[in-house]
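FYI, side chains are in, hydrogens and waters are out, and symmetry mates aren't considered; it's all heavy atoms of this structure.
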Amino acid sequence: MAEKKMSATYESVMKALKQRQYAPIYILMGEESYYIDRISDYIADNVLMPEERDFNQTVLFGADVTPSQIVDMAKGYPMMAQYRVVIVKEAQALRGLEPIEKYCEHPVASTILVLCHKNGTIDRRKKIIAKAEAAGVVFESKKMRDYELPSFVTTYLQQKNATIDRKAAAMVAESIGADLNRLTSELDKVLISLPKDQLNITPDIVERQIGVSKEFNAFELRNAIVNRDVFKANQIVNYFDKNPKAGSLYSLLPLLFNYFQNLMIAYYAPQRNNENSLAQYLELKGGWAARDYATGLRNYPGGKTLQIISKIREIDAKGKGLDNPNTTSGDLMKELIFFILH
């Protein structure tokens with residue numbers, strides 16, 4: 001049985017599975033369906049041999065069964081195989097989890113029961129969570145934050161023996177957003193279009209294959225703001241105003257809020273003049289990742305940074321219609337960029 005971890009990560013769960021260290025119960029829950037699907041699909045494809053699955057693997061949907069029926073299936077024994085696998089998709093549709101909770105007290109060692117609870121989590125105060133953690137694995141798949149997406153893109157492509165430069169990764173992340181299933185699908189399409197001996201994704205390839213301008217995108221606007229390049233920032237904002245699909249206020253606000261929020265935190269770093277120390281303080285991957293914040297510390301005083309954070313919140317409220325009868329999102333974007341740069 002896989003070693004129980006109170007805070008299971010995707011990496012720890014997959015490592016145990018690949019070592020064929022199986023737990024009798026997995027509760028996979030959270031807002032991000034990508035990792036839930038990856039884990040459950042791996043179990044479905046790898047625990048049993050193809051010829052063993054007809055009699056020993058069952059895939060159910062939460063809306064079609066009751067918890068008692070799931071437990072009855074889980075209590076069955078494998079036929080001419082080492083394990084019996086029961087996977088419940090859309091488990092968030094289940095009502096009354098007490099039978100499963102009780103089953104977790106004495107699960108059948110030869111059964112692997114997988115509950116895929118998407119679009120939210122089971123309240124961790126419920127006894128089923130503590131009992132499932134004691135007997136097996138509880139994994140929470142959290143929505144990835146915007147600033148984590150370029151790193152995800154890079155790592156995903158490395159697993160495909162492909163590379164991507166920093167700017168191109170940011171362009172892809174900003175264009176597609178935090179829907180990891182769509183993000184990986186788009187990356188797969190790009191890889192298919194490339195020769196097998198040239199799997200290096202550049203901004204030109206992203207522009208051609210995904211349709212993101214390498215000159216006028218949210219990543220370049222952020223760079224212009226970080227470097228306080230007024231001319232370039234105004235160029236990009238005017239381009240966005242004429243081409244709303246290229247960039248919008250709603251995609252820009254989280255990007256800028258995350259940057260200036262981290263910049264405010266950077267002011268409290270004990271060694272903010274050292275990029276490696278600054279990166280460690282901000283929990284970034286390396287010194288190179290802190291360069292934008294080192295530049296921001298030179299270009300934006302602490303008082304101005306606080307004012308910008310407040311202004312972003314104000315523009316966000318106006319963009320949602322609060323105290324804003326008729327100002328367009330394009331004009332709100334221009335108002336925000338002007339305030340930041342002046």
task = I would like to know whether F139 and Y26 meet ring pair (Phe, Tyr, Trp, His ring centres under 6.0 Å); could you show each step before the answer?
result = CA-CA 8 Å; F139 167 71; Y26 292 83; over 10 Å; no

Pair [X]-[Y], side-chain donor/acceptor within less than 3.5 Å:
{"X": "T328", "Y": "D331", "answer": "yes"}
{"X": "Y42", "Y": "R38", "answer": "no"}
{"X": "R291", "Y": "Y293", "answer": "no"}
{"X": "S151", "Y": "T154", "answer": "no"}

query = salt bridge (charged side-chain N to carboxylate O under 4.0 Å, His left out) with D123: which of K126, R125, K127?
reply = R125

task = Quick one: pull up CG in N200 and CG in L194 and give me the separation to the nearest 0.5 Å.
result = 8.5 Å

key: From T58 atom OG1 to L113 atom CG, the distance as rounded to the nearest 0.5 Å   =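 Output value for this atom pair is 10.5 Å.
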
query = Do K304's NZ or CZ and the ring of F339 fall within the cation-pi criteria of under 6.0 Å and 45°?
reply = yes

ask   = Is a side-chain donor or acceptor of E148 paired with a backbone partner of R145 at a separation under 3.5 angstrom?
value = yes

N/O donor-acceptor pair under 3.5 Å between S141 side chain and E32 backbone =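 Indeed, once roles are kept as given, a pair shorter than 3.5 Å links the two residues.
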
request  = Is it possible for you to say whether F55 and I112 belong to one hydrophobic cluster, with membership spreading through side-chain heavy-atom contacts below 4.5 Å?
outcome  = no

Aromatic centroids of Y300 and Y259 separated by under 6.0 Å =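 Here the rings of Y300 and Y259 have centres that are no less than 6.0 Å from each other.
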
